[in-house]
There are 2 protein chains.
Amino acid sequence: MPYTHTHRILIALDCIIFGFDGEGLNLLLVKRNFEPEFGKWSLMGGFLNEGESLEEAAHRIVFDLTGLDNHYLEQFQTFGATTRDPVERTVSVAYYALVNIEDQDMNAIRSHNASWISLHKKPYLIFDHDIMVEEALKRLRTKAALNPIGFELLPGKFTIPQLQKLYEAIYDTKLDRRNFSRKILSTKLLMGTGEKDMTSQTKKGQLYSLNTHEYVRQQKGNFGFLPELILVDA
Amino acid sequence: MPYTHTHRILIALDCIIFGFDGEGLNLLLVKRNFEPEFGKWSLMGGFLNEGESLEEAAHRIVFDLTGLDNHYLEQFQTFGATTRDPVERTVSVAYYALVNIEDQDMNAIRSHNASWISLHKKPYLIFDHDIMVEEALKRLRTKAALNPIGFELLPGKFTIPQLQKLYEAIYDTKLDRRNFSRKILSTKLLMGTGEKDMTSQTKKGQLYSLNTHEYVRQQKGNFGFLPELILVDA
DNA sequence: GCAAAAGTGTTTCCGGTACACCCATGT
DNA sequence: ACATGGGTGTACCGGAAACACTTTTGC
């Protein structure tokens, strides 16, 4: 016997999909070729299906758009203002995802009319999506200072300066090259591959890959990855 | 015209209500005298009503139980496993609240069959409520390290040692009396009232009250209230 | 006087920061 | 040779931690 309460409503999911192009943070946004708000930009979203958990639904939405199956995904806030969707009342559970911008499925992206857009050039988004992006970024900043999740935005092999560029983008700040390198290496999270970064024009930096054992371990507790960054106000 | 998607479901809200009795953290829990799970303990919860935002609904639930109108309230996670409620599928948006245990409405509490229970003696709770409590505590710990919200659990006037006991309870750790005092006073958040704490048996400590101007200001950004605590693992 | 709890001062230590210097590669 | 960018060493500084000492009150 179901509950007697009757106010049953749609559950939406909206995904803030972050990517890193080597210079700055990017968002995967959809130019809507459907109603409502035809022609405007929005986050990628969808509705919760029967027999599907929130986590599964968010995963499905990101997978549909990017073709990527192993992205980092974290729920961060649920939006429930009564007027947030003009069509019909919905409550939206928002997730942010970190994907490696290099191994996405361009066909999936094109078929959804989506594009990567620099965070600094973000257009106005429909509904409460602008606020969602802002909150997602806040959460990403806190999370990335305490846990080593930034790697999710990079290819499997990368140089330390590339990693630094990423953190500078996330916190919109400048970091000292030498201190950053030392700090990262002291975490024991990186393993040298012996290979060199051949894309560089000058000195070819060493390519590192993750020590996956340590990586998984340090996801769990708060080890303080770069705790000083938590106090960066931007 | 509404959306064509049809899976409309109930939105529940569950509230983790924290109180501080001078020694440890307490939870306000309900011994259910209604179905389902009659006789078992659970969090205080309810359903989202038409024309009501999530925030409003959570506020209503805490107010019904405590009679308190000005408590601290923060949404922290939404739970959506398909089997989390055996009666009917629901998605639950969870909030934690900080209340001053002294000025609650005992009648409201009794009429809901609720009790304050020490966090250390928490019974098993129904559904996924045990996980909710665990996650709420994690969030409270992170939040209280970065923003001065602990005061919400104390009376309007309190001594620095009382405040210290509170933080020791939140982080389940011991702090140095002298360093704590200096740190707190350096924030300029406290104003001496000139009064003494007459409940103490020995030396009567000075009673402080909040500098509300500074307090509101420091809620906004990340000033790092006691940032070293963010790395306490418990 | 003595015990218990509040309040003040000082020293040490460590992590973050700043900066000087060396190395590797392409032109 | 020189410009560009990766990599290592060292000195300093500020905040956290550790600790000694004094003050207030009840018994």
Side-chain angles (χ1 to χ4, degrees), chain A residues 22-23 144-146 148 154 157-168 171 173-209 222-233, chain B residues 22-23 144-146 148 154 157-169 171 173-209 218 222-233:
Chain A
E23 285 300 320
L146 296 175
L154 292 174
K157 295 174 182 174
F158 50 87
T159 66
I160 290 182
Q162 280 169 357
L163 184 64
Q164 182 181 341
K165 280 259 172 60
L166 169 60
Y167 275 85
E168 290 180 338
Y171 296 96
T173 187
K174 287 289 170 193
L175 299 172
D176 186 282
R177 202 166 35 88
R178 301 152 282 193
N179 296 330
F180 184 81
S181 171
R182 194 154 10 104
K183 195 78 189 295
I184 295 298
L185 290 174
S186 75
T187 64
K188 308 292 180 193
L189 278 167
L190 300 189
M191 301 187 307
T193 63
E195 301 172 66
K196 299 283 179 83
D197 172 24
M198 290 310 176
T199 68
S200 171
Q201 289 301 344
T202 71
K203 175 167 178 177
K204 283 118 169 64
Q206 163 133 24
L207 285 170
Y208 290 88
S209 67
N222 275 1
F223 290 84
F225 182 54
L226 294 166
E228 66 274 18
L229 289 178
I230 211 168
L231 298 177
V232 170
D233 55 341
Chain B
E23 285 299 320
L146 296 175
L154 293 173
K157 295 174 182 174
F158 50 86
T159 65
I160 290 182
Q162 280 169 359
L163 184 63
Q164 181 182 340
K165 279 258 172 58
L166 168 60
Y167 276 86
E168 290 179 338
Y171 296 96
T173 188
K174 287 289 171 196
L175 299 173
D176 186 281
R177 203 165 35 88
R178 300 148 288 190
N179 296 330
F180 184 81
S181 171
R182 190 154 7 102
K183 196 79 188 292
I184 294 298
L185 290 174
S186 74
T187 64
K188 308 292 180 194
L189 277 168
L190 299 188
M191 301 186 308
T193 63
E195 302 171 65
K196 299 280 181 83
D197 171 26
M198 290 310 177
T199 67
S200 171
Q201 289 301 345
T202 70
K203 176 167 179 176
K204 284 120 167 65
Q206 164 134 29
L207 285 171
Y208 289 89
S209 66
Q218 297 197 23
N222 275 1
F223 291 85
F225 182 54
L226 294 167
E228 64 274 19
L229 288 177
I230 211 171
L231 298 179
V232 170
D233 56 340

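Just so it is clear, the structure is predicted and the values come from calculations on it, not from any experiment. Here is the naming used below: chain letters follow the sequence lines, and residue numbers restart at 1 for every chain.
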Problem - Opening and closing nucleotides of DNA chain D in contact with chain A, under 4.0 Å to non-hydrogen atoms - result: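 Nucleotide range in contact with chain A: dT4(D) to dT10(D).
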Just the rounded figure in Å: distance from [atom2] of [N] to [atom1] of [X].
X: Ile160(A); N: dA24(C); atom1: CD1; atom2: C1'; value: 16 Å
X: Leu190(B); N: dA6(C); atom1: CG; atom2: P; value: 15 Å
X: Phe158(B); N: dA6(C); atom1: CZ; atom2: P; value: 14 Å

Exercise for the section: State whether the side chain of Ser181(A) and the backbone N or O of Arg178(A) hold a donor-acceptor pair below 3.5 Å, judged by distance alone. Expected result: no
Exercise for the section: Using atom types as modelled and distance alone, determine if a side-chain donor or acceptor of Gln206(A) lies under 3.5 Å from a backbone N or O of Gly192(A). Expected result: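 Judged by distance alone, no pair lies under 3.5 Å.
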Practice task
Answer yes or no: is there a side-chain heavy-atom contact under 4.5 Å between Leu166(B) and Phe158(B)?
Solution key: no
Exercise for the section: Measure the shortest side-chain to side-chain distance between Phe225(A) and Leu189(A) over non-hydrogen atoms and say whether it is less than 4.5 angstrom. Expected result: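 Touching, per the 4.5 Å side-chain cut-off.
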Handout entry: Rounded distance (nearest 0.5 Å) linking atom CD1 of Ile160(A) with atom CG of Leu207(A)
Key =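 These two atoms lie 10.5 Å from each other.
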Handout entry: Pairwise distance CD1(Ile230(A)) to CG(Leu146(A)) - rounded to 0.5 angstrom
Key = 4.0 Å
Handout entry: Nearest heavy-atom neighbours spanning Thr193(A) and Tyr208(A)
Key = CG2-C, 4.0 Å
Fill in the blank from the handout: Heavy-atom nearest pair, Leu175(A) first then Gln164(A), reads O-NE2, 2.9 Å
Handout entry: Footprint string (nucleotides 8-16 of chain C, 5' to 3'): B base within contact, S backbone only, - free, heavy atoms under 4.0 Å
Key = BBB-----S
